[in-house]
2 protein chains.
Amino acid sequence: MYSKEIIKGTLKPIILKLLQENNRMYGYEITQAVKDLTADKIKITEGALYPLLHKLEAEGVVFTEKESIGKRVRKYYALTPSGKEKTQELIEEFVDFMATMKHIFEPNLQPGYGTA
Amino acid sequence: MYSKEIIKGTLKPIILKLLQENNRMYGYEITQAVKDLTADKIKITEGALYPLLHKLEAEGVVFTEKESIGKRVRKYYALTPSGKEKTQELIEEFVDFMATMKHIFEPNLQPGYGTA
DNA sequence: AATCTATACATAAGACTTTTATGTATAGGA
DNA sequence: TCCTATACATAAAAGTCTTATGTATAGATT
């Protein structure tokens, strides 16, 4: 588990990346997927996740479908067409950003390797 | 220039990494170093930088030396012994974190390459 | 039958980080 | 003389995330 400060700013890119790959997901599923993908190093808290999903819906980036599982209701989130565009842009920016960070933190590597 | 949200949480690791490599630096020098290292993609604002430096000093991570350049005064920052330890730990955590992020955002790469 | 854990949603107060705006002052170039 | 660069600093506001709390169903264990 990473210290909290380090994860700042990555929640939105992570969620959108998952939605880009999985077509549709519900909130709890997202928290589990991140836990699994990162071997428990990143745990998304509900207090951060749900407000962000609601905000993305209000912005038209995602839309929702409710589905009943027994007596419980699941709320699935999926990208809208414009959301897909924005997501693609954001992810490209994020990947570029990570390459820049890598350049700062591993300055001995030859440019070109690792990103090709 | 990246959108602001993306850079969140990286300011402290960046500053400490620079101080680890450069022995001592002053505030303005840090802003320029980051601009140069990232081809203007990341610009550290003074409103974020100076309060953080003051906080790091209050925590005993860095110490300062004032130096007069003509009539102006420069304030150099350098890592304390305990600050060096904390910095090393933070940077290792950050590098690990970046590898985890890379795993999420570039899932097709074979593990082992790029980090070896 | 009762209790614990997992699933599944949600909100609200507070902490923390960063942006935006503003201020002061010296130095150098146009 | 004026503009830009150098060099520090603070303070209000915005924004993000943590921590805490709440509700409820479902399944497993005691």
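Each chain gets a letter, A, B and so on, in the order its sequence line appears, and its residues count up from 1.
A:Q88 pairs in a side chain to side chain donor-acceptor pair (under 3.5 Å) with only one of the listed residues (A:K84, A:K86, A:E92), which is A:E92.
Rounded to 10 degrees, the angle between the two end axes of the helix from C:dA1-D:dT30 to C:dA30-D:dT1 is 20°, with five pairs used at each end.
What separates NZ of A:K55 from P of C:dT11 is a distance of 15 Å, to the nearest Å. With rounding to whole Å, B:I30 atom CD1 is found 12 Å from D:dA7 atom P. D:dA7 atom C1' lies 14 Å from atom CE of B:M25, rounded to whole Å. Look at NZ on A:K35: it is 10 Å from C1' on C:dA6, rounded to the nearest Å. The separation between B:E57 atom CD and D:dA9 atom C1' is 14 Å, rounded to whole Å. In this structure, A:R74 places its CZ atom 16 Å from P of D:dT25, rounding to the nearest Å. Atom-to-atom, CG of B:L52 to P of D:dA9 comes out at 13 Å; the value is rounded to the nearest Å. For B:Y77 and D:dC8, the OH to C1' distance is 9 Å, given to the nearest whole Å.
The minimum heavy-atom distance between B:D96 and A:K41, with the atom names listed, is OD1-NZ, 3.1 Å. Contact record, A:S3 with B:E93: N-OE2, 2.7 Å, taken as the closest heavy-atom pair. In this structure, A:E5 and B:K12 approach most closely via the heavy-atom pair OE1-NZ, 3.4 Å.
Relative orientation of the B:F94 and A:F105 rings is tilted, given thresholds of 30° and 60° on the angle between their planes.
Judged purely by distance below 3.5 Å, without hydrogens or angles, the side chains of B:T38 and B:Y2 never pair a donor atom with an acceptor atom.
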Does the protein touch nucleotides 19-28 of chain C at the base, only the backbone, or not at all? Give it as B, S and - per nucleotide, heavy atoms under 4.0 Å. BB-----BS-
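Residue pairs meeting the ring pair (Phe, Tyr, Trp, His ring centres under 6.0 Å) criterion with at least one member in residues 7-64 of chain A, sequence neighbours excluded: A:Y26-A:Y76.
In this structure, the separation between CD1 on A:I15 and OG1 on A:T10 is 9.5 Å, given to the nearest 0.5 Å. Taking CD of A:Q32 as the start and CE of A:M25 as the end, the distance is 10.0 Å to the nearest 0.5 Å.
Using a 4.0 Å cut-off, no side-chain N or O of B:H54 falls inside it from OP1 or OP2 of D:dC8. Distances shorter than 4.0 Å separate some side-chain N or O of A:Y26 from OP1 or OP2 on C:dA8. Considering only side-chain N and O atoms, B:Y50 lies under 4.0 angstrom from the phosphate OP1 or OP2 of D:dC8.
Nucleic acid contact class of B:K12 (heavy atoms, under 4.0 Å, all strands): none.
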